[in-house]
Amino acid sequence: MQNIQAEIIRNDPELDDYSVLELHAPHVAENARPGQFVHIRLNRLQDPLLRRPISIMLAEPHSGTIRLLIKKVGRGTELLCAALEGGTIDLLGPLGNSFPLPPEGKDVLLVGGGVGVAPLIFFADVLQKTPGLRSARGLYGGANENQLAVWTELAGRCEEFYVATEDGSAGEQGLVTDLLAEQLQRGDAQAVYTCGPRPMMAKVAAMCAEASMPCYASLEQWMGCGVGACLGCVVPGTEEAYLRVCRDGPVFPAEKLDWDNVI
Amino acid sequence: MQNIQAEIIRNDPELDDYSVLELHAPHVAENARPGQFVHIRLNRLQDPLLRRPISIMLAEPHSGTIRLLIKKVGRGTELLCAALEGGTIDLLGPLGNSFPLPPEGKDVLLVGGGVGVAPLIFFADVLQKTPGLRSARGLYGGANENQLAVWTELAGRCEEFYVATEDGSAGEQGLVTDLLAEQLQRGDAQAVYTCGPRPMMAKVAAMCAEASMPCYASLEQWMGCGVGACLGCVVPGTEEAYLRVCRDGPVFPAEKLDWDNVI
Amino acid sequence: MTAPDLSVKIGDLTLKNPVMTASGTFGWGVEYAMLADVSALGALVVKATTLRPRDGNKPPRVVETPAGMLNAIGLQNPGVEEVIKQKLPHLDKFNIPVIVNIAGDSVDDYVAVARRLSETGLVQALEINASCPNCEEGGMLFGLDPASLGGLVSAVRAATALPLITKLSPNVTDIVPLARAAVEAGSDALSLINTLVGIAIDVEKRRPKLGNTTGGLSGPAIRPVAVRMVWQVAAADLGVPLIGMGGIMNATDAMEFILAGANAVAIGTANFVTPDTINKVVTGLGDYCRRHKVCRLQDLVGAARP
Amino acid sequence: MTAPDLSVKIGDLTLKNPVMTASGTFGWGVEYAMLADVSALGALVVKATTLRPRDGNKPPRVVETPAGMLNAIGLQNPGVEEVIKQKLPHLDKFNIPVIVNIAGDSVDDYVAVARRLSETGLVQALEINASCPNCEEGGMLFGLDPASLGGLVSAVRAATALPLITKLSPNVTDIVPLARAAVEAGSDALSLINTLVGIAIDVEKRRPKLGNTTGGLSGPAIRPVAVRMVWQVAAADLGVPLIGMGGIMNATDAMEFILAGANAVAIGTANFVTPDTINKVVTGLGDYCRRHKVCRLQDLVGAARP
Ligand SMILES: Cc1cc2nc3c(=O)[nH]c(=O)nc-3n(C[C@H](O)[C@H](O)[C@H](O)COP(=O)(O)OP(=O)(O)OC[C@H]3O[C@@H](n4cnc5c(N)ncnc54)[C@H](O)[C@@H]3O)c2cc1C
Ligand SMILES: Cc1cc2nc3c(=O)[nH]c(=O)nc-3n(C[C@H](O)[C@H](O)[C@H](O)COP(=O)(O)OP(=O)(O)OC[C@H]3O[C@@H](n4cnc5c(N)ncnc54)[C@H](O)[C@@H]3O)c2cc1C
Ligand SMILES: Cc1cc2nc3c(=O)[nH]c(=O)nc-3n(C[C@H](O)[C@H](O)[C@H](O)COP(=O)(O)O)c2cc1C
Ligand SMILES: Cc1cc2nc3c(=O)[nH]c(=O)nc-3n(C[C@H](O)[C@H](O)[C@H](O)COP(=O)(O)O)c2cc1C
Ligand code: FES
Ligand code: FES
């Protein structure tokens, strides 16, 4: 974990609301594990004041670069999407824990919704590159075809890849959880890794619990420090009252979270 | 007076701390008179919050462009100096009153210090271009040669031009008021127009009062609205307790100001 | 969908929409006539007026702070007689209610100003400024103690038949007793908040940046405090409309106040930043109603409350 | 010029420089060990500790506001016994004084925590948090009334021989009587300010953004208010050192507090933005002294005052 001024090598706008940022950040690229995030300062001014947590979508230790997928949802992400190539970004990272690597055995299922696909891409990449690990099947859902940012990045790293959109504009019409239901019925997966909107993850967690399938969810919460100090980013747990997304997470075994109160 | 999104055509860094911005702002270019200013919003964020007043250095109605001379003294002027060509600047203008045109007769003296040279350049330009008006003699002072931004712009518009620096690195060694003393002794000028640091202007005002020479000074004050509404930008007067720099000024006949309390 | 109904009542006065200017930040309206459509306002609230002319404080009077500003204007105004002669006659062109903010050093001052303004027929409501943080005596003190605030409001109430608004200071431990005192004394509405008292120091010169040392903090920086105070006073359910202000820069910010319990809003510091903020807020509130399929904005007042 | 003397005394405790962390914003120091040189601090002020463990408030607990943030952590901590067992033993590696912020629902709670911490020998001073805006009972109330604050401070004073700091709430009409009550009851120093109470509303969801509804406003937004309160308390000349905080982002901001009358400063929200702010402030204060040719920083305390 370091505080780094990372050079912006590329900023590729994606679809309507997304950008993929490629940054030169060797310390992060070398140390990052899938699921971890960087905590980004948006400018040198005092508004917006706080850093924004962004998952690491890909890390390339050789080139010392990382890639981030940003979705514009407010002022901070808007500033990031407008960041200029050649400029620098002040970030802390890598932060947080990571998706536990699956043991030898059956395939794993990656269930992504919207921008939540980012850490799953990194995870699929590691699974693909690590000899002896089983490969991944990717399930990716969005409202419509314009909400399936960088889907090829996930598809290319998975052995099988399925898409669902609510309006049917791409892949199956329906929810990504419909895709998951089919996969769970196949009975040939060993674990589920998910990141996306909370209602989606809650549903995934419930389906996995039902199917006695291990499930790991990567959570979001508004953050202060990003390093475990302020206790600002908690989500309700089952064993402990509250867990810190920035330090105890962002990845949690689904059963450790009190999903009814994860709002 | 309008609220305009002006395109930044050029941003030329000058010396160490200055930039000359050329903006496409036809409304301002057509309506501006020397001494007037524009009130600039620095970004779309809420920090820095308030606009910054900047004098119009030159206005070219034909091309619809204006030029501004910015000196970096804090965060706002730093942002302006870093403004990107091709971007836009949100400004209000033209605002304030202007230097009264001299009647036919003797030459006028323009006494500028530091960035205060900007409105005097515009004034010299108008004097030069308006047939029948007398020409100007420019006196320009700074701490050293690195504080004499755009001096050629003033020199080229004046019939005579003199420079003083405190360290003697350019022109006479001394203060611009030393140059003024010589000019006043010549006894062949009809009025003095001045803009620069307050101690300099106070000295100029005192010398002119002594010599019974009409003197017009362009003042600075921290501003809120820039349009006369908030009463935030006042300076102490002799007839009225307080005068608004943004509306009653920025140009004042020197005798209307209570120079002892203009701090 | 038909145009949403944005109207709101302040005492007997019906405003076509809930957007006003915050006193002292929009001059007499005329200063902004070229930059904003002033007649689109629900009401024009003008600068504080006192019985006698006031020079105001010595400069510098304004200084920027993070996402805010300090001001110490010190009630500079030409006095009520000049206001009636020079200023008010120009305001009927906007064709909107005019609300004059009144201030003074003593109850008698306030009463005299209220009486004179009421006689003119040029003013549609009065706002008692019992909370000016920039005056040595008077103003601020009234705003800090329920009993003296009640006394002040009663006296002004007796002197005018115009709708009466009391503007509250945020520089108090508990704003509710002050709000209650103002309402019990006959206030038809409450404005909140005025500015928070602050100081900024020039560390190179080693002295306060403002000529007056202290100033009033306004702008987005104070919005969370302002929304909280509206929330608290709304919870007390005093039966009068609340006019919320403090850092409103756009319609979203205005909705924060309305959802917290404000019936109307006022735009202050934002006028300096974006001179047509008033127009954007009026439009934006309509858009919000349409987007949320609400016919009457007043139905959303306090809608964020449990 | 020799290195300027930045040291300051808080009760019997001498700090090598006046820069501390603000309670609750730097965890137990260890969280920042990779990002900042913690041992360069004048003192490490750690999170509020209560007698029994506390779960804290329901999320969301933090939200950004213009140039600031609201937090409603709700005193989450493992309780004094766990703190003594798990946390304090790791802090001696920093080799700087450790100050524990203590909180509770009753005077007895505070006293018990103070007594336990004092016994350990692991703590060099205590800071009474009489101003937590995020707890239903206790904390906040003590901070709003001079008599109960005095009672609380006296009781804790009797329970500990450690230097005792009282942290004051800014949510009051007049902070001076509270400051005086704390000093008269035996406080060796005063910390000011804690956070201002605020609310932010999610206008799309029409509910408060924080799970707790209200939160404490911190960051640059509140700096002018904090500097003003330091100025006021310094004017009362109570004879104890003041620790100023509220929106300090850099050495210039820290100097505002010192010139206003603070003997020391604490860095809070800035830690989240720039994790090595503490180091930059220590360095910057030294630079300021050198540039202004001042040998002892303490000679500049209150230097902006008339
Ligand atoms: C571990 C982690 C990883 C993430 N990875 C990614 C990623 O890879 N890519 C990506 O695009 N995003 C990612 N996010 C989400 C991202 O951090 C947010 O979208 C971003 O912080 C939003 O900032 P903003 O300024 O754009 O929006 P804001 O303007 O701050 O907020 C957007 C919306 O949220 C509301 N809001 C803000 N704060 C709160 C609050 N405390 N409570 C309730 N509502 C609030 C606002 O009112 C607004 O409606 C991740 C988050 C976490 C925690
Ligand atoms: C009519 C007019 C015309 C001008 N024309 C020009 C021009 O052509 N070119 C140009 O470069 N500048 C011009 N200026 C000055 C320019 O407006 C300021 O330099 C600018 O606003 C500074 O902004 P900043 O953010 O860079 O500095 P800031 O960071 O705002 O301030 C710089 C310094 O001033 C101090 N300061 C800020 N506010 C106050 C206050 N209220 N009281 C005391 N000290 C304060 C700060 O502490 C800091 O030390 C003009 C000013 C006026 C009024
Ligand atoms: C420059 C300035 C002058 C003000 N003058 C007055 C005044 O005369 N009377 C008054 O009641 N409030 C006055 N105020 C307070 C505003 O009306 C308003 O209550 C406060 O600024 C908060 O709103 P804002 O954050 O939108 O500015 C003034 C505020 C500013 C910034
Ligand atoms: C996340 C967070 C947690 C805090 N927790 C505490 C606390 O436990 N005890 C306390 O006295 N103050 C607490 N505070 C208040 C700070 O110590 C400090 O007084 C306040 O934030 C103002 O300083 P700042 O603007 O530099 O943050 C907390 C502040 C924040 C932002
Ligand atoms: S963000 Fe501070 S503990 Fe997680
Ligand atoms: S800046 Fe508002 S009156 Fe001049």
Side-chain angles (χ1 to χ4, degrees), chain C residues 63 65-70 133 143-145 169-174 196-209 213-217 219-232 247 249 251-260 288 291-292 300 303-306, chain D residues 63 65-70 133 143-145 169-174 196-209 213-217 219-232 247 249 251-260 288 291-292 300 303-306:
Chain C
V63 57
T65 65
M69 63 178 284
L70 291 170
L144 304 182
D145 166 56
S169 168
N171 300 289
V172 295
T173 308
D174 186 358
L196 288 162
V197 182
I199 292 181
I201 287 172
D202 186 324
V203 304
E204 293 305 318
K205 301 198 184 121
R206 296 192 210 162
R207 62 165 189 240
K209 286 185 176 172
T213 300
T214 59
L217 183 63
I222 69 169
R223 192 167 65 241
V225 174
V227 171
R228 182 259 298 181
M229 289 191 162
V230 166
W231 182 284
Q232 286 179 314
M249 303 302 283
T252 304
D253 298 344
M255 280 309 306
E256 278 204 64
F257 282 84
I258 291 168
L259 295 170
Y288 184 95
R291 196 153 37 83
H292 286 257
L300 289 174
R305 312 176 63 82
Chain D
V63 58
T65 65
M69 63 178 286
L70 290 170
L144 303 183
D145 166 58
S169 168
N171 301 289
V172 295
T173 309
D174 186 359
L196 288 162
V197 181
I199 293 181
I201 287 174
D202 185 326
V203 304
E204 294 305 317
K205 300 199 185 119
R206 296 192 211 159
R207 63 166 190 241
K209 286 185 176 173
T213 301
T214 60
L217 184 63
I222 69 169
R223 193 169 64 239
V225 174
V227 171
R228 183 257 301 181
M229 289 189 162
V230 166
W231 183 284
Q232 286 179 313
M249 304 302 283
T252 303
D253 299 344
M255 279 309 305
E256 279 202 65
F257 282 85
I258 291 168
L259 294 170
Y288 184 96
R291 195 152 37 83
H292 287 255
L300 290 174
R305 312 176 62 82

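If you're wondering where the values come from, they're calculated on a predicted model, not measured in any experiment. Here is the naming used below: chain letters follow the sequence lines, and residue numbers restart at 1 for every chain.
- In this structure, CG on C:Asp174 lies 9.0 Å from CG on D:Leu144, to the nearest 0.5 angstrom.
- The heavy-atom pair separating C:Val172 from D:Thr173 by the smallest distance is CA-OG1, 3.2 Å.
- For the pair D:Val197 and C:Val225, the minimum side-chain heavy-atom distance is 4.5 Å or more.
- A salt bridge does not link C:Glu256 to D:Lys209: none of the charged nitrogens lies less than 4.0 Å from a carboxylate oxygen.
- Between D:Val203 and C:His292 the shortest heavy-atom distance is O-CE1, 4.2 Å.
- For the atom pair CG (C:Asn171) and CG (D:Asn171), the distance works out to 11.0 Å, reported to the nearest 0.5 Å.
- Atom OG1 of C:Thr252 sits about 10.5 Å away from atom CG of D:Asp202, to the nearest 0.5 Å.
- In this structure, no portion of D:Phe257 lies under 4.5 Å from any heavy atom of chain C.
- The minimum heavy-atom distance between C:Thr214 and D:Arg228, with the atom names listed, is CG2-CG, 4.4 Å.
- Proximity to chain C involves both the backbone and the side chain of D:Glu204, based on heavy atoms less than 4.5 angstrom apart.
- Note: C:Met255 CE to D:Ile201 CD1 = 9.5 Å, rounded to the nearest 0.5 Å.
- Counting all heavy atoms, side chain and backbone alike, C:Ala221 lies closest to D:Leu217 at O-CD2, 3.7 Å.
- Note: C:Arg291 leads C:Lys205, C:Met229, C:Arg291 in heavy-atom pairs under 4.5 Å with chain D.
- Contacts of C:Arg305 with chain D are absent, with no heavy-atom separation under 4.5 Å from either backbone or side chain.
- Contact annotation for D:Thr65: only side-chain heavy atoms (C-beta onward) come within less than 4.5 Å of a heavy atom of chain C.
- In terms of heavy-atom proximity, C:Ala304 sits nearest to D:Pro208 at O-CD, 3.5 Å.
- Residues C:Arg206 and D:Leu300 meet the side-chain proximity criterion, which asks for heavy atoms closer than 4.5 Å.
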